[in-house]
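Report on the following structure.
As the structure is a prediction and not an experimental result, all values here were calculated from the model. Count residues from 1 along the sequence.
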Amino acid sequence: MLLDEQKFLFALGDSIYNFRTNKGYSQEKLAELTGLHRTYISDIERGAKNVTVKKIALICSALNVSLSTLFQEVDKRYESK
């Protein structure tokens, strides 16, 4: 099975959005914690950026979520769409 890149990016962005909002963080707060720009966070959450693993790890650290937990959520969302 080939990976549908856009579907994956949407699942990743949706998962990050979910973890961020569950923490009660705004995009501005997450941007502040990661050193990334707020619009970059927005682009990631909308599935508009093909983000690097390094930046995903940075976001996970700021959200206090392990990479494995994030990718388990991504996998669930990817498979359900």
Side-chain angles (χ1 to χ4, degrees):
M1 175 177 98
L2 292 175
L3 177 74
D4 180 335
E5 184 178 336
Q6 194 56 55
K7 185 177 170 183
F8 174 79
L9 292 175
F10 282 134
L12 176 63
D14 195 38
S15 298
I16 290 171
Y17 169 83
N18 186 54
F19 283 114
R20 177 181 63 76
T21 57
N22 283 342
K23 287 278 189 189
Y25 292 170
S26 65
Q27 288 179 343
E28 291 83 4
K29 178 66 175 177
L30 184 56
E32 177 185 317
L33 292 170
T34 60
L36 301 173
H37 197 276
R38 187 206 55 81
T39 59
Y40 191 75
I41 299 293
S42 175
D43 287 345
I44 293 168
E45 290 182 352
R46 290 184 296 108
K49 287 286 184 193
N50 190 356
V51 62
T52 65
V53 173
K54 183 177 178 179
K55 289 188 174 139
I56 293 170
L58 189 62
I59 291 168
C60 282
S61 178
L63 294 173
N64 197 28
V65 173
S66 69
L67 283 167
S68 62
T69 299
L70 174 66
F71 281 109
Q72 286 172 0
E73 186 65 24
V74 170
D75 188 49
K76 282 192 268 184
R77 290 172 189 272
Y78 182 86
E79 293 300 325
S80 72
K81 304 258 179 187

Seminar exercise, completed: Between the CD1 atom in I56 and the OG atom in S61, the distance rounded to the nearest 0.5 Å is 13.5 Å
For this session: Kindly indicate whether the side chain of L63, heavy atoms from C-beta on, has any atom under 4.5 Å from the side chain of L70.
Result: no
Does anything in [range] form a salt bridge (Lys or Arg N to Asp or Glu O under 4.0 Å)? List the pairs, not counting sequence neighbours.
range: residues 60-69; result: none
range: residues 60-69; result: none
range: residues 46-64; result: D43-R46

Which heavy atom of [X] sits nearest a heavy atom of [Y], and at what distance?
X: C60; Y: L67; value: SG-CD2, 3.8 Å
X: Q27; Y: R20; value: N-NH1, 3.4 Å
X: I44; Y: I59; value: CD1-CD1, 3.8 Å

Exercise. Partners of K76 by salt bridge (Lys or Arg N to Asp or Glu O under 4.0 Å), sequence neighbours excluded?
Worked result: E73
For this session: Under the side chain to side chain donor-acceptor pair (under 3.5 Å) rule, collect the residues that match up with T69, sequence neighbours excluded.
Result: S66
Exercise. Quick one: do V51 and F71 end up in the same hydrophobic cluster if we chain Ile, Leu, Val, Met, Phe, Trp and Tyr together by side-chain heavy atoms under 4.5 Å apart?
Worked result: yes
For this session: Report yes or no: do L58 and I41 belong to one cluster of Ile/Leu/Val/Met/Phe/Trp/Tyr joined by side chain heavy-atom distances under 4.5 Å?
Result: yes
For this session: Go through the structure and list residues passing side chain to side chain contact (heavy atoms under 4.5 Å, CB included) with L33, not counting sequence neighbours.
Result: Y25, K29, A62
Can you give the donor-acceptor pairs under 3.5 Å from side chains of residues 2-14 to other protein atoms, not counting sequence neighbours?
| residue | atom | partner | partner atom | Å |
| --- | --- | --- | --- | --- |
| D4 | OD1 | Q6 | N | 3.3 |
| D4 | OD1 | K7 | N | 3.1 |
| E5 | OE2 | N50 | ND2 | 3.4 |
| Q6 | NE2 | G47 | O | 2.9 |
| K7 | NZ | Y78 | O | 3.2 |
| K7 | NZ | K81 | O | 3.0 |
| D14 | OD2 | R77 | NH1 | 2.6 |

